[in-house]
Each structure stands twice: as C-alpha cells, then as structure tokens.
Amino acid sequence: MPILIGKREKELNEARRDYPGAKSVDDFPWIWKEFKQAGYVTAWGEDDAHLGTFYQLSHRENNKLSQMDDDLYEHLKRLHVEKHLDKVILIMLADHGARFSKVRATAQGKQEERMPYFGIRFPELFHKKYPQILQNVKNNSKRLTTPFDVHETLHEIINFTGTEKVNIGNRGVSLFKAIPEERNCKWAQIDPYWCSCMEWIEMRPDDPVLKHVVDMILSTFNNYTEPYKSECAVLKVKTTKSASVLKVYDAVLKYKGDGGRGRFGRMDDTTQHSKLLYQVNLVTEPGDGLFETTSTYHLKDNRMELNKKDISRTNAYGNTSHCVEMKDSFLRPFCYCK
C-alpha cells in the first residue's frame, strides 16, 4: 500500500473480506493510474494469482531462493542485451525476510524482516544527464528510508522537482533528493514495531512485569474469540520464548537541533521516555501457535495496550481455525477449534 498508493491501509476504505461496508480496491488511488494519465503504458503481472512460486520459495526457506538464481540472471541479462532497459528505471525489491523459518526467530531474522532488499538500476543516459540524482540515491542507501519514500520517488519520475535537501518532517520523501543523516523513525512516521533504530533490552524470565505483559496478551487473544467461545478453545501460554523491552536510543532522545554549518547537533535535550514497548515471543496451547507481539506501556497514565496491528502469527495455522474461517477471517490466527 505505501509504495503503490502512498497511504496506510487504515487510511483507505475498508476492503477486507467479511468486514462491514467492504468494497473492492479498484477505486484506490494506485500510482499506475497517474502513470497512465502521464502517457505511460501500464501492466500488472504475477506468476500465480493465488500464492506465487516466488512467494512459496522465499517465505519458507531462504536458501531455496538460490534455485532461481540462474533463471533470474538470464532474464535480466536478456533484458539488458536486447536493450529493453535503455530507457527504463528497474526496481527489484522484497517485502520482508523469511516469516515461517528458523531464521525468523533470530535477532538477524527480525532485522531482515524489517529491512528487506531494495535495488534500483538506472539506464546509462540517466547517469550522464542526472549525476546528482545518482549521488543522492547512493548516499540515501545509507539513510533511513521507507516504502513511502519509494512512492514519492515514483511521483518524481512523472514530475521531477529537483535534487535539493528534503523536508524530513514529511512522511514520504523522494529518494532522488538528499535525505539528512538525522532522519529517525518518528520523523519518517515508522511504527515503533517496525523501527530498526531501537534499543532492545532482554528481559529476565522471572521479571514480574513480564508476567503482567503475558497475562495481558493472552487476555487480548481470548477476548477476540469470546463471541465464538463454544467453538474456539481458551488459549493459555505454553512457553515464553523471548521478551525484550524496546526503547528509543538515548542518542535520539538527546539530539537537539542542527549544530549549523555542518557541525553535529547538540546532545543536551532532556526528553524522557513517555512509553516503553515490550516485544514478546510466545507459544500458546492448544495448537502451538507462535506469536510475536509488541505491547505499549504508557508511563504517564500507567496503562498497557496491545493493538491488532502489533500482533504477528509467525507459524502456519493451517486448518486449525476452520470453524470460524468463513464467519470472521480475522480470528484465524487466534482460534483453535475444539
């Protein structure tokens, strides 16, 4: 959604199946509509409309992706040799790392999910005509960037507005422009759950706060399935695999403005944490559901919350939720049919 529309799902009309007032996505402001208006020929292709071969390989086991290396290489080589790329900006990207493999349960796996591959190739004529864009894109590869930035970059292809330094107060900024080093997740409007600029502090298993967080998580899950309690089992925690407190780096809190003339900004801000985030990986029973959750503890009013968007079921649940699949598809990760 951020790349092709420039908006979050919650900012658009309801389109999820089985939800009140849901409509098709045809009327969404897809970026290709703007390209069409600008005179471009647009098309959408997919190897399998249901799941896709590439999806099947990459979601289960990263190592299997190597089976496609030769085919992908030959495809790209043919495009180059036959000069199909002479006037083309080619973008290749992933949506995330492995989701249902052992790698996903490691610190490296978590980072990979949050920072998927993104590559962009410019034609030779672009190198000669727009050298500053190439330099900016190269520099921006070392900056904090988001899918919203890719959307703004697509806009720049239609209507180029220059290579000056961007306003980092905007959610999305073009990769053709210079993104400052000090950009952070707050300015880029990245949810804490997906922010890679966080300090993760591991919690002790006997931490009393952890028990409170886990109890709240299970209560949330069971509240979801309460309307179908005659069909869905009450979930309990089987084991807590890991737990961490997520905080913004102290350097982010202390950073205070631009030092001017290229100097580093002051580091004497007195900003304090207003909330803490607890990321917990746990297994529920029955069903051995593996969940990753991020709960928010609001320090000011001593309140804990867990939103639906901050819950990920990280192992497949197959047919275990068959009893509610057609009644409320949202409950599939949480319902273990009796």
Side-chain angles (χ1 to χ4, degrees), residues 1-16 22-55 58 72 75-96 116-141 143-179 188-190:
M1 294 294 184
I3 291 179
L4 296 178
I5 298 180
K7 296 181 181 294
R8 298 173 182 268
E9 183 180 1
K10 65 182 180 181
E11 296 170 349
L12 298 163
N13 294 330
E14 180 60 72
R16 290 173 294 177
K23 298 180 180 179
S24 73
V25 300
D26 293 345
D27 293 331
F28 283 3
W30 301 103
I31 187 68
W32 56 68
K33 294 182 179 180
E34 297 183 38
F35 274 90
K36 183 177 180 179
Q37 291 176 354
Y40 288 81
V41 175
T42 65
W44 173 274
E46 192 167 355
D47 62 350
D48 188 306
H50 176 57
L51 288 177
T53 304
F54 200 88
Y55 171 95
S58 63
L72 182 58
H75 175 62
L76 295 175
K77 180 181 178 181
R78 181 180 62 82
L79 292 177
H80 173 68
V81 171
E82 296 179 3
K83 300 186 180 301
H84 296 300
L85 303 179
D86 283 1
K87 294 183 179 181
V88 169
I89 295 177
L90 177 66
I91 296 175
M92 292 186 63
L93 71 157
D95 54 351
H96 53 69
Y117 170 81
F118 181 90
I120 183 168
R121 178 195 182 276
F122 295 97
E124 286 300 319
L125 62 88
F126 211 89
H127 288 250
K128 298 174 181 178
K129 190 173 183 179
Y130 303 106
Q132 189 57 51
I133 289 181
L134 271 295
Q135 187 60 52
N136 285 345
V137 172
K138 184 177 180 180
N139 292 341
N140 291 339
S141 70
R143 306 286 190 264
L144 179 64
T145 56
T146 77
F148 290 106
D149 301 335
V150 180
H151 181 78
E152 293 304 317
T153 305
L154 295 176
H155 275 294
E156 285 286 302
I157 294 174
I158 300 174
N159 181 29
F160 181 52
T161 60
T163 58
E164 70 279 1
K165 200 170 184 179
V166 301
N167 178 0
I168 55 176
N170 296 337
R171 177 168 67 179
V173 295
S174 171
L175 299 177
F176 290 175
K177 302 179 185 296
I179 298 177
Q189 299 183 37
I190 300 173

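Values reported hereafter were calculated over all heavy atoms of this structure, with side chains retained and with hydrogens, waters and symmetry mates removed. Computed from a prediction, not measured in an experiment: that's the story for all the values here. This chain uses plain numbering: 1 for the first residue, then up along the sequence.
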- Task: Rounded to the nearest 0.5 Å, what's the gap from CD on Glu124 to CG on Leu85? Could you check?
- Result: 11.0 Å
- Message: To check you understand the geometry: which heavy-atom pair defines the closest contact between Val88 and Pro123, and what is its length?
- Response: O-CD, 3.1 Å
- Could you walk me through whether Ile120 and Ile89 pass the side chain to side chain contact (heavy atoms under 4.5 Å, CB included) test, one step at a time? CA-CA 7 Å; Ile120 183 168; Ile89 295 177; 3.8 Å; yes
- Distance-minimising heavy-atom pair for Phe28 and Lys33: O-NZ, 3.0 Å
- Interatomic distance, CG@Leu12 vs CG@Asp27, rounded to 0.5 Å, equals 11.5 Å
- Without swapping roles, check the side chain of Thr42 against the backbone of Lys36 for a donor-acceptor pair under 3.5 Å. no
- Message: Can you tell me how the ring of Phe176 sits relative to the ring of Phe126, calling it parallel under 30°, perpendicular over 60° and tilted otherwise?
- Response: tilted
- Task: Quick one: pull up NE2 in His80 and CG in Asp86 and give me the separation to the nearest 0.5 Å.
- Result: 8.0 Å
- Item | Minimal non-hydrogen separation, Leu4 against Trp32, with atom names | CD1-CZ3, 4.0 Å
- How far does CG of Leu90 sit from CG of Leu79, to the nearest 0.5 angstrom? 7.5 Å
- Thr145 and Phe118: CA distance, side-chain angles, deciding distance, side chain to side chain contact (heavy atoms under 4.5 Å, CB included) verdict: CA-CA 11 Å; Thr145 56; Phe118 181 90; over 6 Å; no
- Query: In chain order, what residues pass the side-chain hydrogen bond (donor to acceptor under 3.5 Å, both in side chains) check against Glu11, with sequence neighbours excluded?
  - Reply: Arg171
- Query: If you measure from CD1 on Ile157 to CD1 on Ile91, what distance do you get to the nearest 0.5 Å?
  - Reply: 5.5 Å
- Message: Treating Asn139 as the side-chain partner and Asn136 as the backbone partner, does any N or O pair qualify as donor plus acceptor under 3.5 Å?
- Response: no
- Are Met92 and Tyr117 close enough, and set up right, to give a side chain to side chain contact (heavy atoms under 4.5 Å, CB included), and what steps lead you there? CA-CA 8 Å; Met92 292 186 63; Tyr117 170 81; 4.2 Å; yes
- Nearest-0.5 Å distance that lies between atom OG1 in Thr146 and atom CD1 in Ile3: 9.0 Å
- Heavy atoms of other groups near His127 NE2, more than 12 under 6.0 Å: yes
- Task: Search all heavy atoms of Leu175 against all heavy atoms of Asp149 and return the closest pair with its distance.
- Result: CD2-CB, 3.9 Å
- Item | Steps toward side chain to side chain contact (heavy atoms under 4.5 Å, CB included) verdict (Leu154, Phe35) | CA-CA 9 Å; Leu154 295 176; Phe35 274 90; 4.1 Å; yes
- Minimum heavy-atom separation for Ile158 to Ala38, with atom names? CG2-CB, 3.9 Å
- Query: Where the side chain of Lys177 meets the backbone of Gly162, is there a donor-acceptor pair that is under 3.5 Å apart?
  - Reply: yes
- Could you tell me whether Phe160 and Tyr130 have their ring centroids closer than 6.0 angstrom? yes
